[in-house]
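Remarks on the structure that follows.
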Amino acid sequence: MTARRCPALAAAALLPILASHVFAAYENVLPGVRDGLKAFAADGKVRHCVIRVKVEAQGQTREQPDQEIWYQGDDRLRADLSTQNFVLAVSPEGGTLFSAQAGLALVARGEAFEKLGESAPDRQRNLGVNPPLCVLDRALAEEATLSIERESAFDGRDCWVMTVAPERLEAWSKIILGEQPVTLSAVHIGVDKQDFLVRGLDFTGTQFAPNGGPTTDFKVTLAYLGAENGVEVPESFFALELPEDAEVMEWRAGAKTEEMLVEFVQAVVRRLEEQGKAQIDDEAAGQEPPQ
């Protein structure tokens, strides 16, 4: 069979050559991008963005509620989920998850906080942040195998689209998703040409079910909207001062993350149900009896 008789075969044979040519076109740019990423990762300023997540799997697309994120270095983070009046704040002193609507907080401090992970980013991950943005910044600055695949616009900004080498996908699976039963097949990161902020991230892969169940192919796309560096925030911003009337649940030392989060969500639901019932009773008590 000749390539002339089978043009698809000829096209397939050209793909590796064309791909290497595209990457080579950016080789002269790559050293400057790496230097910029290293400087950015070490500058110690407060970053801010709104994260919008889209998950595609099994022929369905699901968008998650936007999260507004502020973070500084490895150990300070705040995430506001405004649609549910929910805040997560992490500082060197501890972590707090607070449902403003329910007036209930789950607080991890002392030994309980230390046992959430060996490092500050590990503790952020176990409090529900995936991937911790500080980890993504540092991984980009330290990764020697990244290539520039193309140029594109993210959130109206000109960016380099970085791609992770195949031999590093397993390591990047842990960077992005932690110890989840997932194999990644591709990772792309949109890096701003001017300020080296991450403005887009997408990754595709396969998730493995426990006990040998069916696998699921997926694609996750994260848009980092309005990303900015050097934001001014109050000193207490990452510590989160709770209202005086807030009820506090203590994170038990050594407890599993899933266990504590389920207990917290259940307690939030109970409090909201109690509040709803109390409001109905108050309204009923305020009504005049029928004549």
Side-chain angles (χ1 to χ4, degrees), residues 40-41 43-55 61-108 116 120-140 153-157 159 175-178 189-192 194-203 220-243 246 257 261 264-265 268 272:
F40 172 79
D43 75 4
K45 296 178 181 178
V46 177
R47 340 273 202 210
H48 168 257
C49 66
V50 173
I51 300 180
R52 182 168 296 164
V53 182
K54 180 174 69 174
V55 180
T61 300
R62 178 169 53 89
E63 292 191 359
Q64 299 179 2
D66 291 353
Q67 296 183 49
E68 190 168 11
I69 302 277
W70 296 260
Y71 68 106
Q72 183 180 29
D74 280 359
D75 54 9
R76 288 174 171 81
L77 175 137
R78 177 167 171 155
D80 286 18
L81 194 64
S82 58
T83 55
Q84 299 177 15
N85 294 316
F86 179 85
V87 181
L88 164 64
V90 187
S91 71
E93 288 71 42
T96 301
L97 295 88
F98 178 53
S99 169
Q101 190 174 0
L104 180 67
L106 174 61
V107 178
L116 279 172
D122 288 339
R123 292 189 280 274
Q124 289 183 22
R125 195 186 294 276
N126 284 320
L127 285 165
V129 181
N130 228 8
L133 293 179
C134 58
V135 170
L136 189 59
D137 290 344
R138 191 168 60 250
L140 276 167
F154 291 86
D155 197 24
R157 300 277 297 189
C159 294
I175 291 167
I176 296 171
L177 295 167
I189 306 115
V191 175
D192 195 297
Q194 300 299 319
D195 57 23
F196 303 100
L197 276 159
V198 173
R199 296 192 181 271
L201 167 67
D202 70 69
F203 51 94
V220 178
T221 304
L222 294 88
Y224 298 89
L225 305 175
E228 54 187 334
N229 191 27
V231 179
E232 297 290 334
V233 297
E235 241 180 81
S236 61
F237 188 71
F238 296 106
L240 189 63
E241 295 181 8
L242 296 172
T257 297
L261 293 180
F264 177 58
V265 170
V268 167
L272 292 177

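Values below: every heavy atom of this structure, side chains too, minus hydrogens, waters and symmetry copies. Predicted, not measured: the structure shown is a model, and the values here were computed from it.
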Just wondering, more than 12 heavy atoms not from Glu241 lying within 6.0 Å of its CD?
no
Those residues that, when tested against Leu104, pass side chain to side chain contact (heavy atoms under 4.5 Å, CB included) (two or more places apart)
Ala102, Glu247, Met249, Phe264, Ala267, Val268, Arg271
Minimum side-chain heavy-atom gap Leu127-Leu77 below 4.5 Å
no
Which pair of heavy atoms, one from Ile51 and one from Cys49, lies closest together, and at what distance?
CG1-SG, 3.9 Å
Of all residues at least two apart in sequence or in a different chain, which pass the side chain to side chain contact (heavy atoms under 4.5 Å, CB included) check with Asp195?
Arg157, Asp192, Leu197, Arg199
Rounded to the nearest 0.5 Å, what's the gap from CD on Glu68 to CG on Leu81? Could you check?
11.0 Å
Distance (rounded to the nearest 0.5 Å) between Ser91 OG and Leu240 CG:
9.5 Å
Nearest 0.5 Å, what's the CG-CG distance between Leu261 and Leu106?
7.0 Å
Tell me, please, which residues at least two apart from Gln64 pass side-chain hydrogen bond (donor to acceptor under 3.5 Å, both in side chains).
none
With a 4.5 Å limit on heavy-atom distance, are the side chains of Trp70 and Asp80 in contact?
yes
Pairing residues for Arg76 by the side chain to side chain contact (heavy atoms under 4.5 Å, CB included) criterion, not counting sequence neighbours:
Gln72, Pro92, Phe238
List for me each residue that meets side chain to side chain contact (heavy atoms under 4.5 Å, CB included) alongside Asp202, sequence neighbours excluded, and say none if there are none.
His188, Lys219, Thr221
Nearest heavy atoms of Ala246 and Phe98, plus distance in Å:
CB-CE1, 4.0 Å
Can you tell me how far CZ of Phe203 sits from CG of Leu177, rounded to the nearest 0.5 angstrom?
4.5 Å
Indicate yes or no: at least one non-hydrogen side-chain atom of Phe86 is less than 4.5 angstrom from one of Leu97.
yes
Could you tell me if the side chain of Asp74 sits less than 4.5 Å from the side chain of Arg138, heavy atoms only?
yes
Taking atom CD of Gln67 and atom CG of Leu225, what is their separation to the nearest 0.5 Å?
12.0 Å
Nearest heavy-atom pair of Cys134 and Pro121: which atoms, and what distance?
SG-CG, 3.9 Å
Testing the basics here: between Tyr224 and Gly200, what is the closest heavy-atom pair and its distance to 0.1 Å?
CD1-N, 3.7 Å
List the steps and the verdict of side chain to side chain contact (heavy atoms under 4.5 Å, CB included) for Val198 and Leu133.
CA-CA 9 Å; Val198 173; Leu133 293 179; over 6 Å; no
For the CD atom of Gln124 and the CG atom of Leu116, what is their distance to the nearest 0.5 Å?
11.0 Å
Listed once per pair and sorted, the salt bridge (charged side-chain N to carboxylate O under 4.0 Å, His left out) pairs that draw on residues 45-55, sequence neighbours left out
Asp43-Arg47, Arg47-Asp137, Arg52-Asp66
